[in-house]
Amino acid sequence: MSHKSPKDFFAPLAVGAPAPLREIPARPSRAIHFFDPSNPKMAAKVPAMVGTVDVLLGNLEDAVKADNKIAAREGLVEIAKSTDFGPTQLWTRINSLDSPWVLDDLITLVTEIGDKLDVVMVPKVQGPEDIHYVDRLLAQLEAKGGVQRPILIHAILETARGVANVEEIALASPRMQGISLGPADLAADRKMKTTRVGGGHPGYLVRQDPVDGDIHGNRTVFQQDLWHYTIAKMVDACAEAGIYPYYGPFGDITDVVAAEDQFRNAFLLGCVGTWSLHPKQIEIANRVFSPSVEDIKHARRVVKAMGDGTGAVMLDGKMEDDASLKQCLVLVELAEELAAIDPKLKELYDAIEIED
Ligand code: GLV
Ligand code: MG
C-alpha cells in the first residue's frame, strides 16, 4: 500500500471544509465540566458558569438516559445558540460510534452550532479507524454547515484495544486535540475487578516485609495506583503527537482529598487537566493543574541563574543544567498560558519575587 504524502494531511477532507490546524493551540483546559443538556436544572446553570471553568462539555453519551438522548442533543443546540461562551471552550461528548444516535449527534451539532463547538469528544475509541471515520464526517459536515474553523477531536481511552493502539490514535488526524482516561469503561473492558469510577482501590497494595518474621505483626501497607501504567502510556503518546493528555472522571464526589491526589498524580506525570462531574471538582482541578507559586518561584530562579541556558550552576546545593532548565520552562510557559485567562493566578504569579 502506498502511504499518504505528509503534505496531504493538511488538505481538508471535504471540498469547502476549513484547512486542518498545523498545531493544536495550548488553550487552558484544567477542568472539563460535564453537564447533561437534557436536565433543565443543570442546563440553566451553564450560562453562569462561563468564565469560571476552562471547558464546558455538553454530554450526550453515558449518564444520559436513552429516552433523553434527543432532548440532550437539542438542549445542547439551544444552550450553544443562546450563550456567549467568551473565553470558555464548548465541547461535547457524542454517543459511541456503534450507537443509534451518533450520526444524528454529529449532523445536528456540526451543522447547527459548528462554529461554537471547539472539540468533539469521541468515546470508546478502539483504533485510528474510528478517528478517520469522524475526521471525514466532520469535514463533510463543516463544509455543509459553512463552519469556518476545524472542530477538533478528543478520544477517550477506555477500551483495551484503544490502550494498545493509543499512539496510532494520537497520530490519526491533525484534528486530534487530546486524550482522556476513561477508567470506568476501561476497567469493564479489561475485566478489572473494580466497581468504581476512577481512583484507587484498597485491595491494590504493596505490604512492607515482616519484621523478625512476624507475618501478622504491624506492617505498613501502601495503596498503589491502578491507573499509573495507562496514564503514563497515554502521556507519551500525546507528547509524541503534540496533543494533550487528561485524567478523566473521579466518581466519588464526596472524597475531595482522594480526587485531588489522583488529579495531582496526573498533573505530575504530564496531564494538563481532568474532568469535573460536580462544581466542587472544578476548584480542585483549577488549583491542581496550575503550577504552584513555589514551583514558579523556583523555576524563575533557575531560568535566571542559567543565563544563556547552557552549562551548569549550583542552587541551594542542587545541580541545575540544560535539562532541569527545560523542566522549569515547561512550568513557566504553562503559568503564562494560565495567567492570560485567569486574573487571580496572574496576580499570584506577578507577585512572586525571586532572590538570587
Ligand atoms: C468515562 O467515560 C469512563 O468510562 O470512565
Ligand atoms: Mg465511559
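This chain uses plain numbering: 1 for the first residue, then up along the sequence. Side chains included, hydrogens not; waters and symmetry mates left out as well; all remaining heavy atoms used. The shown structure was predicted, so the numbers you read here are calculated from the model rather than taken from an experiment.
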Please check if the side chain of [X] supplies one atom and the backbone of [Y] the other of a donor-acceptor pair under 3.5 Å.
| X | Y | result |
| --- | --- | --- |
| K81 | I79 | no |
| D189 | D185 | no |
| D54 | R30 | yes |
| T83 | F85 | no |
| R136 | L13 | yes |
| S173 | R175 | yes |
| E158 | L186 | no |
| D321 | G311 | no |
| T92 | G58 | yes |
| D212 | D214 | no |

[atom1] of [X] to [atom2] of [Y]: how many Å apart, nearest 0.5 Å?
| X | Y | atom1 | atom2 | result |
| --- | --- | --- | --- | --- |
| N265 | F267 | CG | CZ | 12.0 Å |
| L331 | S290 | CG | OG | 11.0 Å |
| I282 | N286 | CD1 | CG | 7.0 Å |
| T88 | H33 | OG1 | NE2 | 11.5 Å |
| I231 | I179 | CD1 | CD1 | 12.5 Å |
| Y204 | D225 | OH | CG | 8.5 Å |

Residues, nucleotides or ligands: over 12 heavy atoms within 6.0 Å of [X] [atom1]:
| X | atom1 | answer |
| --- | --- | --- |
| K344 | NZ | no |
| K233 | NZ | yes |
| H132 | NE2 | yes |
| K45 | NZ | no |
| N218 | CG | no |

Q) Taking side chain as C-beta onward, heavy atoms only, is I169 less than 4.5 Å from M176? A) yes
Q: Answer whether the closest heavy-atom distance between the side chains of Y246 and S29 falls below 4.5 Å.
A: yes
Salt-bridged, [X] to [Y], with N to O below 4.0 Å?
| X | Y | result |
| --- | --- | --- |
| R287 | E260 | yes |
| K124 | D62 | yes |
| E353 | K297 | no |
| R300 | D295 | no |
| K346 | D350 | yes |
| D36 | K41 | no |

Q. Is the Y247 to W275 ring centre distance short of 6.0 Å?
A. no
Q: Apply side chain to side chain contact (heavy atoms under 4.5 Å, CB included) to the pair M49 and F35, showing each step before the final yes or no.
A: CA-CA 11 Å; M49 296 186 82; F35 66 91; over 6 Å; no
Q: Answer with yes or no whether the side chains of H154 and S180 bring together a donor and an acceptor at under 3.5 Å.
A: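 Yes.
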Q | Modelled atom types, side-chain donor and acceptor of R190 and T230, under 3.5 Å | A | yes
Do you know the tightest heavy-atom contact between [X] and [Y]?
| X | Y | value |
| --- | --- | --- |
| F250 | L277 | O-CD1, 3.8 Å |
| A139 | A17 | O-CB, 3.4 Å |
| V77 | I113 | O-CG2, 3.8 Å |
| P12 | P20 | N-CD, 3.8 Å |
| T159 | G162 | OG1-N, 2.8 Å |
| P245 | G270 | CG-O, 3.5 Å |

Q. Are R93 and F34 in a cation-pi contact, defined as NZ or CZ under 6.0 Å from the six-membered ring centre and within 45° of the axis?
A. no
Q.
As a quick check of understanding, evaluate side chain to side chain contact (heavy atoms under 4.5 Å, CB included) for E129 and E168, giving each step before the final call.
A. CA-CA 9 Å; E129 69 281 3; E168 280 185 82; over 6 Å; no
(Q) side chain to side chain contact (heavy atoms under 4.5 Å, CB included), that's the test. Do F222 and L205 meet it? Break it down for me. (A) CA-CA 6 Å; F222 298 94; L205 53 81; over 6 Å; no
Q: Walk me through it: do R196 and D255 pass the test salt bridge (charged side-chain N to carboxylate O under 4.0 Å, His left out)?
A: CA-CA 13 Å; R196 304 165 172 211; D255 194 351; over 6 Å; no
Q. Please walk me through it: do W101 and S96 pass side chain to side chain contact (heavy atoms under 4.5 Å, CB included)?
A. CA-CA 8 Å; W101 304 290; S96 63; over 6 Å; no
Q: Assess whether salt bridge (charged side-chain N to carboxylate O under 4.0 Å, His left out) is satisfied between E78 and K116, documenting all intermediate values.
A: CA-CA 12 Å; E78 173 59 33; K116 286 217 158 165; over 6 Å; no
Q | With R73, the side chain to side chain donor-acceptor pair (under 3.5 Å) member among T108, N68, D105 | A |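 With R73 as partner, T108, N68, D105 yield a single side chain to side chain donor-acceptor pair (under 3.5 Å), made by D105.
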